[in-house]
2 protein chains.
Amino acid sequence: MQYTKSTGYALHALIHLAQKDSGQYVGIKELSAALVVSESYLSKIMSKLRQDGIVRAVTGASGGYELARSADRITFLDVIQVVEGRQHLYECFHGEESTPDAIYDMDSEECLVKKVMIGAEMHLHSYLEQHTIQGVLDAAAQRGSRAGNKKA
Amino acid sequence: MQYTKSTGYALHALIHLAQKDSGQYVGIKELSAALVVSESYLSKIMSKLRQDGIVRAVTGASGGYELARSADRITFLDVIQVVEGRQHLYECFHGEESTPDAIYDMDSEECLVKKVMIGAEMHLHSYLEQHTIQGVLDAAAQRGSRAGNKKA
DNA sequence: TTCATTATGGATCGTTAATATCCATAATAG
DNA sequence: CTATTATGGATATTAACGATCCATAATGAA
Ligand code: SF4
Ligand code: SF4
């Protein structure tokens, strides 16, 4: 149970893009150099982000990527769901006939075990969608403005 | 990002055990039959649960498994951490030298990206440790006592 | 137009994790 | 002593992850 490296790459790439001005395209070369990851692999991730409308891409000379919407409307949940897919935290393993035990109500979505896990998922998602790319930038800016008293 | 089937098996097996009286051992045969999963595989999972003190096991004739402590002190988080391991939701991918960008404070644990993900993990864990095996049983009992008005 | 640049998508490949089974061994009740 | 039952090692299969290469298309600039 761990997010893949791709999620980390995606988040960092988006933060990099968010620091540029709108209309300023950033190529895969600059991105992969900043994150220290191969162009080939990162481009796959960027392509996914584009398909889901998180970034825009322009091919050709002086092309590249830019955010498709403002950084405060790109949540961690958005990014994670694009990269990781929209699978559920918990997947049931029995079919219609193989009821493991009598205490569960298998009808529709009424199973109590499943309900707990769905609750967990909703809690997690609720947190993740309250945190945006812009949020990270803001927090960094605040820290920066607290003078140079961070170490020494 | 999904819990493995093993977590599902473990949770269901524990619920099965929790419905038995204390001192009554349940063999792997009964458990695997109830969950519709092979004895071989389930026994591995039960062995893990024993190593972590969730269940007790007795070898030999008329042996089997029982809960090592009361069902209201076995949380979903306990079970998940035993089966899935205690890995973090998010793992950083760069070393000391390859700082991806200047806005992060790499010193110690102060990175703002990491901080968001650790927050997500804490939220998730907080929810999961508030839900116990006994909690599922209680909810099922309540539902059962609400007469047979559930369907028809 | 032509060329260099840049993103895209398909194909492929190695590594790791998850799932699953088999068997030899040890422990225990009867 | 014997049947029963859990344990741990070894192994096999499958799927996911991580990563690379290349052919293609699109675009700005010469
Ligand atoms: S969680 Fe509920 S519905 Fe899902 S496999 Fe278990 S008993 Fe069945
Ligand atoms: S989350 Fe922070 S510490 Fe971790 S890789 Fe990213 S920048 Fe580095």
Side-chain angles (χ1 to χ4, degrees), chain A residues 1-10 12-13 17 23-33 35-68 80 82-87 89-94, chain B residues 1-10 13 17 23-33 35-68 80 82-87 90-94:
Chain A
M1 242 294 288
Q2 190 173 60
Y3 290 124
T4 62
K5 290 188 179 182
S6 293
T7 287
Y9 295 149
H12 288 78
L17 290 184
Q24 188 178 355
Y25 291 103
V26 179
I28 196 70
K29 272 202 171 66
E30 178 177 334
L31 281 177
S32 67
L35 306 194
V36 194
V37 59
S38 82
E39 301 178 23
S40 325
Y41 193 48
L42 186 57
S43 70
K44 294 272 191 259
I45 298 167
M46 296 309 294
S47 195
K48 263 193 195 174
L49 291 172
R50 182 194 60 90
Q51 286 168 37
D52 253 73
I54 309 284
V55 302
R56 262 189 297 271
V58 173
T59 52
S62 76
Y65 303 95
E66 68 169 353
L67 296 188
I80 287 168
V82 168
V83 177
E84 303 279 332
R86 279 165 185 78
Q87 51 187 336
L89 202 59
Y90 173 75
E91 184 90 15
C92 287
F93 56 85
H94 73 245
Chain B
M1 243 295 287
Q2 190 172 60
Y3 289 124
T4 62
K5 291 187 179 183
S6 294
T7 287
Y9 295 150
L17 290 184
Q24 188 179 354
Y25 290 103
V26 179
I28 195 71
K29 271 201 170 66
E30 178 177 333
L31 281 176
S32 68
L35 306 194
V36 194
V37 59
S38 82
E39 302 178 21
S40 324
Y41 194 50
L42 185 57
S43 70
K44 292 272 192 264
I45 299 168
M46 296 309 295
S47 194
K48 263 194 196 173
L49 292 172
R50 182 193 61 90
Q51 286 169 38
D52 254 73
I54 309 283
V55 302
R56 262 189 298 271
V58 173
T59 52
S62 76
Y65 302 95
E66 68 169 354
L67 296 187
I80 287 168
V82 168
V83 177
E84 304 279 332
R86 279 165 184 77
Q87 49 187 341
Y90 174 75
E91 184 91 13
C92 286
F93 55 85
H94 74 244

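Residue numbers start from 1 in every chain, and the chains themselves are labelled A, B, ... in the order their sequence lines are given, proteins ahead of strands.
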Student check: side-chain heavy atoms of B/S47 and B/Q51 closer than 4.5 Å: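 Sidechains of B/Q51 and B/S47: in contact.
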Tell me whether the side-chain N/O atoms of B/Y3 come closer than 4.0 Å to OP1 or OP2 in C/dA17.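 Negative; the distance criterion is not met.
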Within the structure, does a side-chain N or O atom of B/S38 lie under 4.0 Å from either OP1 or OP2 of C/dT21?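 Affirmative; the distance criterion is met.
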If you check every side-chain atom of B/T4, which of C/dT6, C/dT28, C/dT19 has the closest atom?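 So the side chain of B/T4 is nearest to C/dT19.
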Among C/dT19, C/dT21, C/dT6, the one nearest B/S40 by side-chain distance: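 Of all the options, the side chain of B/S40 is nearest to C/dT21.
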Between [X] ([atom1]) and [N] ([atom2]), how many Å, whole number?
X: A/Q24; N: C/dT6; atom1: CD; atom2: P; result: 14 Å
X: A/E30; N: C/dT5; atom1: CD; atom2: P; result: 17 Å
X: B/Y9; N: C/dA20; atom1: OH; atom2: C1'; result: 9 Å
X: B/I45; N: C/dA18; atom1: CD1; atom2: P; result: 12 Å
X: A/Y65; N: C/dT5; atom1: OH; atom2: C1'; result: 13 Å
X: A/L31; N: C/dT6; atom1: CG; atom2: P; result: 12 Å

When we call it a touch if two heavy atoms are under 4.0 Å apart, what does [X] touch: a base, just sugar-phosphate, or nothing?
X: A/Q51; answer: sugar-phosphate
X: A/Y25; answer: nothing
X: B/K44; answer: base
X: A/V37; answer: nothing

Reading DNA chain D from 5' to 3', where do the contacts with chain B start and stop? Cut-off is 4.0 Å to heavy atoms.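 First and last nucleotides in contact are D/dT4 to D/dA10.
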What is the distance from atom CG of B/L31 to atom OH of B/Y65, rounded to the nearest 0.5 Å?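 B/L31 CG to B/Y65 OH: 8.0 Å, rounded to 0.5 Å.
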On DNA chain D, check which nucleotide each of A/S62 and A/Y41 is closest to and give me the residue with the more 5' one.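 It is A/Y41 whose nearest nucleotide is closer to the 5' end.
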For DNA chain D, whose closest nucleotide is more 5', that of B/S47 or that of A/A61?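 Result of the comparison: B/S47.
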Side-chain donor or acceptor of [X] paired with backbone N/O of [Y] under 3.5 Å:
X: B/E84; Y: B/T4; result: yes
X: A/E66; Y: A/G23; result: yes
X: A/E39; Y: A/K29; result: no

Taking the six-membered ring for Trp, are B/F93 and A/H12 parallel (under 30°), tilted (30 to 60°) or perpendicular (over 60°)?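 Perpendicular: the ring planes of B/F93 and A/H12 meet at over 60°.
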Check whether the side chains of A/Y41 and A/S6 place a donor and an acceptor atom closer than 3.5 Å, and report yes or no.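 Per modelled atom types, A/Y41 and A/S6 side chains form a pair under 3.5 Å.
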If you assign B/S6 and A/A57 each to the DNA chain C nucleotide with the nearest heavy atom, which residue ends up on the more 5' nucleotide?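 The residue closer to the strand's 5' end, by nearest nucleotide, is A/A57.
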